[in-house]
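So you know, we letter chains A, B, ... as the sequences are listed, proteins then strands, and number each from 1.
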2 protein chains.
Amino acid sequence: MSGTGEAAPRATYRHGDLRAALLAAGIELARDGGPSAVVLREATRRAGVSPNAAYRHFTDRQALLGAVSDAAQALVADAMEEEIRRASRAPGDDAAARAHARLRAVGTGYLRFARAEPGLFHAAFSVPTALGTSDSPSKAGSGGRTPYQLLTDALDALASAGELPPDRRPHAEFLAWSSVHGLATLMIDGPLRGLPAELVAGVEQRLLDMVAKGL
Amino acid sequence: MSGTGEAAPRATYRHGDLRAALLAAGIELARDGGPSAVVLREATRRAGVSPNAAYRHFTDRQALLGAVSDAAQALVADAMEEEIRRASRAPGDDAAARAHARLRAVGTGYLRFARAEPGLFHAAFSVPTALGTSDSPSKAGSGGRTPYQLLTDALDALASAGELPPDRRPHAEFLAWSSVHGLATLMIDGPLRGLPAELVAGVEQRLLDMVAKGL
DNA sequence: TAGATTTGTGAACGGCGTCAACATAGCGGG
DNA sequence: CCCGCTATGTTGACGCCGTTCACAAATCTA
């Protein structure tokens, strides 16, 4: 029954790059609808292929979701790096100020992405993956670094600049990450969802202040 | 438990209190499995009733999930209040120290509950509800206060004790909540899931330190 | 060129949420 | 005391989902 009805029928029996097509469809589904909207059958439908074809490229729906999650994390990394670039264009004060600006940029990028792409953000970080895989290249943005690595780098720089005592450096990423991640999730699908837009920026700034001051 | 026949057919045509039975089943399902495990058909099965009977008491699966979420928040409130009691049993230093201990207890209760009941925790706060309903009595614990109210109270006390400058009091709940909530979610179903047990307590303490210091 | 391997298809199964039509229990009013 | 009304539960069906199995076509390789 394939062919006439749905999307344009393929010329060849083989698809060409079905895996990539399914992943792209999955990303699109996650973009509007979050992880639960990543539906195998719909992804295959968009790729113009029968439902079972997906199983030649992903063992599971879960596996597809994992690939979507990785891709979403790469986009988060891109957002962070863009924010870092923006921050570093500012006139260079001393090293300490620059280190603080960089950490803040990391957080800002994270929050900006969550606001701009709530579905993808949710897909990126609510799919269970071990911390050990946080450095996996599949999660890296175009700069080659993952979100977790960008955070770690920023904290290292902060420590190097003497703005973070060495005894407080270990696991500092957990503290910073938690705060920013919590705000992001509360704002996009938690009880803070309806927060008036003019409050959002202020709360975000204050949160980043709190982290910088309390770390 | 009056006549809780799981598979046993009911004696009477009427169930008695089906709404409560469905809610109880839903809570149990959420407890092991999180919100996505709250399945209408399974809840009715456990109540010994046909699937559609649920629609006499909940308009939707979503409505049942909402009720489960409220119940879970009430349990969070209980965990917080217990921690507050524990903290207030300590010899009373000055008012400032007691205010700090109380805020810390609120956070500790939240984190303890998340660790002890990850499924219910997830159900409590990842079901979208507006901030305006955070004071709804359906979310209150046995002490009559919701988690959000307990946090607000603790921050008020901190401000009264002069430990939080008045200009930083507004919206401070968002900052504190975000940090603790973020750590909880990252630890129970995020990338921090596998965190070694001996690290957990330390990270939690440091996070609470950070909040107290940075607020 | 023939056989092996990869990749996509078709049909089917059980589970889900939900709707529509029906049936009974138990109440209040005549 | 009966009668009908409403609240509550049942049966059956629909369309969606993920997943499995057996099969067919395309491509690779020997």
Q | Short side-chain N/O contact to dC16(C) OP1/OP2 from R45(B), under 4.0 Å | A | yes
Q | DNA chain C contacts made by residues 58-68 of chain A, counting heavy atoms under 4.0 Å | A | none
Q. Are the side chains of S134(A) and Q149(A) in touch, meaning some heavy atoms are under 4.5 Å apart?
A. no
Q.
Is there a side-chain contact between Y55(B) and the phosphate of dT18(C), meaning an N or O under 4.0 Å from OP1 or OP2?
A. yes
(Q) Please report the distance, rounded to the nearest Å, between CG in L18(A) and P in dG8(C). (A) 5 Å
Q. Does R19(A) make a side-chain N or O approach to OP1 or OP2 of dT6(C) shorter than 4.0 Å?
A. no
Q | Spacing of R41(A) atom CZ relative to dG15(C) atom P, expressed in whole Å | A | 16 Å
(Q) Within the 4.5 Å heavy-atom criterion, are R112(B) and M80(B) side-chain neighbours or not? (A) no
Q: Measure from the side-chain N and O atoms of R61(A) to the backbone N and O of L40(A), and report whether any donor-acceptor pair falls under 3.5 Å.
A: no
Q | Euclidean distance, atom CZ of residue R56(A) to atom P of dA24(D) [Å, nearest integer] | A | 14 Å
Q: Measure distances between side-chain N and O atoms of N52(B) and base N and O atoms of dG17(C), and say whether any donor-acceptor pair falls under 3.5 Å.
A: no
What's touching nucleotides 25-30 of chain D from the protein side, N or O pairs under 3.5 Å?
unit_1	atom_1	unit_2	atom_2	d
dA26(D)	N3	R14(A)	NH2	3.3

Q) Below 4.0 angstrom, N of the basic side chain to O of the carboxylate: do R104(A) and D209(A) qualify? A) yes
Q: Would you tell me whether T152(A) and E173(A) have side-chain atoms, one donor and one acceptor, within less than 3.5 Å of each other?
A: yes
Q.
If only side-chain N and O atoms count, and only distance matters, is there a donor-acceptor pair under 3.5 Å linking Y110(B) with W177(B)?
A. yes
Q. Under the side chain to side chain donor-acceptor pair (under 3.5 Å) rule, what pairs show up with a residue in residues 183-199 of chain B, not counting sequence neighbours?
A. H122(B)-D189(B)
Q.
Does this structure show an ion pair linking D156(B) with R169(B), if we count only N-O contacts that are shorter than 4.0 Å?
A. yes
(Q) Let me spell it out: for each of L40(B) and S50(A), pick the nucleotide of DNA chain C with the closest heavy atom. Which residue's pick is nearer the 5' end? (A) S50(A)
Q.
Let's see if you can work this out: which of dT10(D), dC16(C), dG8(C) has an atom nearest to the side-chain heavy atoms of V39(B)?
A. dC16(C)
